[in-house]
Amino acid sequence: MDLTKQKKDRLKNTLLNVVACMLFLIPSGLFAQAGGEITVKGQVTDIKEPLAGVTIMVQGTSRYATTDVDGNYSIIAPNGSSVLVFSSLGYKTVNETVGSRSIINVVMTEDAIGLEESVVIGYGTQRKEAVTGSVASVTGALVKEVPSSNISYALQGRVAGVEMSQTSSQPGAEMQIRIRGKRSLTASNDPLVVLDGIPFAGSLGDINPNDIKSIDILKDASATAIYGSRGANGVILVTTTKGEPGQAHVTYNGYVGIK
């Protein structure tokens, strides 16, 4: 009987040792999957540098955290089956399942569609949602189609919503341009002319049509938001051609008239 009892005790001790070894070798993350909380840390970056202000939320809960200036974060997930949602303005959302991991590093990519979509508006490049005003554009090629020394004649009938009328019968006289109608009885109703980003003190007739690359006309509130009270009558933005590195080209264009 004593021998049998000793065998049972040895077998019992052996089983206890095996169980203790198994518990020691099992990763702690597996216990988190069974219902224990787990602290997850890591860093969020884009292709070049760490991202600050990225929101990390535990899906289906109100738990959230944000990254610091170095892109580091720390959040407590309820269990290993929790899903962390990484989101930031202008970047694609990333979902990561915690599993048995306590360190999760994420690389986010820019969302090319949406806020990063840009449009060229003559006076610079702006994100699409920032362009709230009505912008009309005329290319330099269309201006050159009309053989005139005055740009206003080339714009006549080419820009919707812009009133152009001839107030003088003198040859070469500039046309009257009204973008937002007559707003004042005593003050000037002429639009502001901006040449290559700088307000132009002269008139459109002083600009050589052959030097024009594009003309953009701001017709509503966007003009006032950018140029203040000077843009209350609308803004005509003129962009001229500039030299580029490469082989030089010489062209000649001439025409004559009878009067």
- [ ] Evaluate the side chain to side chain contact (heavy atoms under 4.5 Å, CB included) criterion for residues V235 and I217: first the C-alpha distance (whole Å), next the side-chain angles of each, then the deciding distance (0.1 Å), finally the verdict.
- [x] CA-CA 6 Å; V235 180; I217 299 178; over 6 Å; no

Task: Derivation and outcome, side chain to side chain contact (heavy atoms under 4.5 Å, CB included), residues V106 and Q43 - done: CA-CA 6 Å; V106 174; Q43 186 183 42; over 6 Å; no

Open item on the list: One pair to check against side chain to side chain contact (heavy atoms under 4.5 Å, CB included): I212 and V238. What are the steps and the verdict?
Closed with: CA-CA 7 Å; I212 293 178; V238 180; 4.1 Å; yes

- [ ] Take F200 and I207 through the side chain to side chain contact (heavy atoms under 4.5 Å, CB included) test and state the conclusion after the steps.
- [x] CA-CA 10 Å; F200 186 59; I207 304 174; 4.0 Å; yes

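Distance check, rounded to the nearest 0.5 Å: CD1 of I75 to OG1 of T66 gives 9.5 Å. Within the model, atoms CG of N72 and OG1 of T67 stand 8.5 Å from one another, a figure rounded to the nearest 0.5 Å. A distance of 11.0 Å separates OG of S81 from CD1 of I38, quoted to the nearest 0.5 Å. How far CE of M108 is from OG of S87: 6.5 Å, rounded to the nearest 0.5 Å. With rounding to the nearest 0.5 angstrom, the CD atom of E37 is 6.0 Å from the CD1 atom of I76. One finds the CG atom of D70 at 12.0 Å from the OG1 atom of T45 (value rounded to the nearest 0.5 Å).
Applying the side-chain contact (heavy atoms from CB on, under 4.5 Å) test between E96 and each of I104, V40, N105 identifies I104 as the sole match.
The closest side-chain heavy-atom distance from L84 to N95 is not below 4.5 Å. Looking at heavy atoms from C-beta onward, V194 lies out of side-chain contact with I236 at the 4.5 angstrom threshold. Counting only heavy atoms from C-beta outward, the side chains of T139 and S214 never approach each other to under 4.5 Å. Proximity of I215 to L237: side-chain heavy atoms (C-beta onward) are nowhere separated by under 4.5 Å.
Residue pairs meeting the salt bridge (charged side-chain N to carboxylate O under 4.0 Å, His left out) criterion with at least one member in residues 49-58, sequence neighbours excluded, do not occur.
D46 places a side-chain N or O within donor-acceptor distance of the main-chain N or O of K48, the cut-off being under 3.5 Å.
Closest of all the heavy-atom pairs between H249 and Q247 is CD2-O, 3.2 Å.
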Result block: side-chain N/O donor-acceptor pairs under 3.5 angstrom for residues 53-61, not counting sequence neighbours:
unit_1: T61; atom_1: OG1; unit_2: V58; atom_2: O; d: 2.8
unit_1: T61; atom_1: OG1; unit_2: R63; atom_2: N; d: 3.4

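Linking Ile, Leu, Val, Met, Phe, Trp and Tyr whenever their side-chain heavy atoms come within less than 4.5 Å leaves L51 and V85 in two separate clusters.
By the side-chain contact (heavy atoms from CB on, under 4.5 Å) test, D211 pairs with N208, sequence neighbours left out. T240 pairs by the side-chain hydrogen bond (donor to acceptor under 3.5 Å, both in side chains) definition with D196, not counting sequence neighbours. Checked against ring pair (Phe, Tyr, Trp, His ring centres under 6.0 Å), Y73 has the following partners two or more places apart in sequence or in another chain: F86. For T241, the side-chain contact (heavy atoms from CB on, under 4.5 Å) partners are K213, not counting sequence neighbours.
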